[in-house]
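Single-structure report; data block below.
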Amino acid sequence: MNVQEIRKDFPILEETVNGHPLVYLDSAATSQKPRQVIEVLQKYYEHDNSNVHRGVHTLGSRATEAYELAREKVARFIRAKSAEQVVFTRGTTESLNMVAYGYARQQLKEGDEIVLTPSEHHSNLIPWQQVARTTGAVLKYIPLQPDGTLAMEDVKTAITPATKLVAMAHVSNVLGTIHPVREIAALAHEVGAIMVVDGAQSVPHMPVDVQDLGCDFLAFSGHKMCGPTGVGVLYGKRELLDVMEPTYFGGEMIDIVELHSATWKDTPYKFEGGTPIIAGAIGLGAAVDYLSSIGMEEIRSHDQKLVAYALERLSDMPGLSIYGPKSGVNRGGLVTFNLDGVHPHDVSTVLDAEGIAIRAGHHCAQPLMRWLNVGSTARASFYLYNTESDIDALFHGLQSAKEFFQHAIG
Ligand code: 7TS
């Protein structure tokens with residue numbers, strides 16, 4: 001993998017920010033977009049733009065073909081058995097809400113248990129709280145080990161015959177922990193529960209094979225994997241998508257409409273009411289082509305190298321606390337930290353003055369912040385276009401932040 005060549009694909013990396021070359025370390029929030037994706041979007045709007053599945057005119061057929069081809073590309077990317085198991089959504093949040101509203105709210109009843117972890121992103125937490133509120137199901141949490149990982153013994157204790165649904169992130173957006181979702185899915189299936197995987201931070205960064213993982217649903221977002229914003233995916237097992245209710249009702253998702261009733265199309269169309277996310281899906285197809293041309297194994301090992309280097313450089317810095325597993329081997333490409341006595345927003349502001357973009361805040365994981373006993377944290381996250389020199393820039397930026405605040409505090 002030639003990172004210097006890859007960097008040339010990303011026009012935004014030529015930006016200067018506050019007089020410095022941009023060092024973009026916020027890909028877990030959203031990734032940058034390569035020219036190959038931007039060009040496909042531009043070409044679509046300039047040459048093929050039309051609504052899909054409707055008109056019989058030439059542009060309509062071209063747009064429909066491109067949209068359905070994108071679905072096939074995504075299906076191949078996650079090794080789904082068929083393209084019909086790929087539903088285009090607005091992103092991970094919408095995908096998870098669709099499962100909560102269209103599946104769990106219909107299928108769960110009082111006393112059923114939903115098993116989660118305390119490190120979930122709010123979008124894999126609040127939908128299940130809503131399901132619990134309306135069905136009387138109960139939320140149960142697998143405790144975290146001190147480094148944020150899960151102990152299999154605790155997973156086995158949490159999953160019982162009352163469990164109907166297990167939901168967790170494949171990779172935590174704060175701790176970088178990679179959860180053993182394949183093993184956990186097998187435990188869920190032993191008791192007849194389904195496994196919902198939040199793949200927002202895994203699908204962009206490592207090979208994900210839904211058949212190998214055995215997950216029942218997988219949700220992810222296009223914008224974190226070199227694709228445009230506003231598009232994401234819900235993958236589901238066919239038999240579950242067949243019983244799952246649509247969330248939105250209206251044009252294009254129907255089969256026959258009478259004055260007092262209607263029937264739906266088959267999956268995935270029954271979930272894509274209204275004009276779908278046409279350009280977004282086509283852009284996501286281009287992103288999948290781009291990532292595949294580089295290779296997900298290569299991207300994963302690049303992330304691993306960067307995170308190991310970041311942990312090595314940052315762990316020696318006095319006054320810096322790093323959260324999550326201490327080794328880069330079984331960890332996603334991000335490092336979350338705090339600098340003693342300095343608010344993460346201030347850390348981020350000082351770094352921004354040097355052109356370095358990181359994220360500061362609660363990362364949509366307030367229960368996890370409480371578990372870490374902090375209000376917020378700073379986070380640097382890496383992707384295929386980052387280099388060790390980006391991490392060196394972070395290290396020097398953090399040193400200047402430390403000096404600046406030590407001086408300011410006196
Ligand atoms: N799940 C995880 C694990 C995430 O990291 C995110 C977004 C989501 C769900 C929601 O994805 P969306 O595309 O629907 O918004 N995470 C982050 C983040 O860590 N910083 O900004 C967004």
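First listed ligand is number 1; within each ligand, the first listed atom is number 1.
- For atom 15 (O) of ligand 1, the closest non-hydrogen atom of the protein is Thr93 OG1, 3.7 Å.
- Asp209 contributes atom CG, which lies 9.0 Å from atom CD1 of Ile78 (distance to the nearest 0.5 angstrom).
- Here the options are Phe249, Tyr248, Phe271, the test is ring-ring contact (aromatic ring centres under 6.0 Å, His included), and the partner is Trp264; only Phe249 passes.
- Of all protein heavy atoms, the one closest to atom 4 (C) of ligand 1 is His121 CD2, 3.4 Å.
- A salt bridge is defined here as a Lys NZ or Arg NE, NH1 or NH2 lying under 4.0 Å from an Asp or Glu carboxylate O, and Lys8 with Glu5 meets this definition.
- Inclusion of Ser221 in the set of residues having an N or O under 3.5 Å from an N or O of ligand 1 is warranted.
- Nearest non-hydrogen protein atom to atom 9 (C) of ligand 1 is Ser123 OG, 3.1 Å.
- When heavy-atom distances to ligand 1 are checked against a 4.0 Å cut-off, Asp198 comes that close only through its side chain, counted from C-beta outward.
- The OG atom of Ser123 sits 10.5 Å away from atom CH2 of Trp128, with the distance rounded to the nearest 0.5 Å.
- Under 4.0 angstrom from ligand 1, the non-hydrogen atoms of Ala29 come from both its backbone and its side chain.
- With salt bridges taken as basic N to acidic carboxylate O contacts below 4.0 Å, none links Lys270 and Asp255.
- If you look at Arg359 next to ligand 1, the close heavy atoms, those under 4.0 Å, all belong to the side chain.
- Nearest-residue assignment for atom 19 (O) of ligand 1 (options His223, His362, Arg379, Lys224; heavy-atom criterion): Arg379.
- Here's the thing with His363: none of its N/O atoms is less than 3.5 angstrom from an N/O atom of ligand 1.
- Checked against the 6.0 Å centroid threshold, Tyr103 and Phe217 count as a close aromatic pair.
- From the protein, the heavy atom lying nearest to atom 5 (O) of ligand 1 is Gln201 NE2, 2.7 Å.
- Separation of the His302 and His205 ring centroids does not fall under the 6.0 Å cut-off.
- Within ligand 1, counting atoms from 1 as listed, the ones closer than 4.0 Å to a heavy atom of Ala28 are 17 (C), 18 (C), 19 (O).
- Using modelled atom types, no side-chain atom of His179 and backbone atom of Met168 make a donor-acceptor pair closer than 3.5 Å.
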